[in-house]
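Report on the following structure.
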Amino acid sequence: MKKILCGVIVSAVFHSPFSLGCDDYVIQKPTPFMGNHGEVFVVDDGSVWEVQYSYEYLYEYYPSVLICESRGLMIINDSEIDVVRVSGGSKSGSRSQTTTSSDYIESRVNGEWEGWN
């Protein structure tokens, strides 16, 4: 019994999301957040992320999430979703606080959009 209990405790400590460099966020845009492949989303520190290889259909409004950037993983409602940072962010000192010309840009077009020429 002691060996099993010890194994459970060690497993919980070493596999905790917080031991893997994960951070808490709230998804600000889009609303609702779906969690589907290719969906771009913005979290509360201003960083922009993209969902990879997932089709969750979550319909969540401002969900709290845990993102483990080093593993390319986001945890939301007991679901694990692959994600990749697109740009920015300033929640922690280890993250980029500047943007470059290749970063994500959000904009609106007034009038009718006819695509790129």
- request: Indicate the atoms forming the closest heavy-atom contact of V51 with V83, along with that distance.
  value: CA-CG1, 4.3 Å
- line: Correct closest heavy-atom pair for G88 and S47 would be O-CB, 3.2 Å
query: Which value, rounded to the nearest 0.5 Å, describes the distance between L58 atom CG and I27 atom CD1?
result: 8.5 Å
task: Would you please name every residue forming a side-chain contact (heavy atoms from CB on, under 4.5 Å) with Q28, sequence neighbours left out?
output: V26, D44, Y62
task: Assign the ring pair F41 / W49 to parallel, tilted or perpendicular, where the plane angle (0 to 90°) is split at 30° and 60°.
output: parallel
- prompt: Say you draw a straight line from CD of E69 to CG of D23; how long is it, rounded to the nearest 0.5 Å?
  reply: 8.5 Å
query: Looking at CD of E39 and CD of E50, how far apart are the two atoms once the value is rounded to the nearest 0.5 Å?
result: 9.5 Å
field: Partners meeting side chain to side chain donor-acceptor pair (under 3.5 Å) with E60 (sequence neighbours left out)
entry: N77
message: Quick check on the hydrophobic clustering: are M34 and M74 connected, directly or via other members, by side-chain heavy-atom contacts under 4.5 Å?
response: no
query: So V65 and F33, side-chain contact (heavy atoms from CB on, under 4.5 Å) or not? Walk me through it.
result: CA-CA 11 Å; V65 299; F33 173 73; 5.8 Å; no
message: Under the rule for ring pair (Phe, Tyr, Trp, His ring centres under 6.0 Å), what residues qualify as partners of Y61, not counting sequence neighbours?
response: none
- prompt: Can V40 be reached from V42 by stepping across I, L, V, M, F, W or Y side chains whose heavy atoms are under 4.5 Å apart?
  reply: yes
query: To the nearest 0.5 Å, how far apart are CG in L73 and SG in C68?
result: 5.0 Å
query: Could you give the distance from CG (D82) to CZ (R71), rounded to the nearest 0.5 Å?
result: 9.5 Å
- prompt: Shortest non-hydrogen contact from I76 to S64?
  reply: CG1-O, 4.3 Å
task: Could you grab the distance from atom CD of E56 to atom CG of N36, nearest 0.5 Å is fine?
output: 8.0 Å
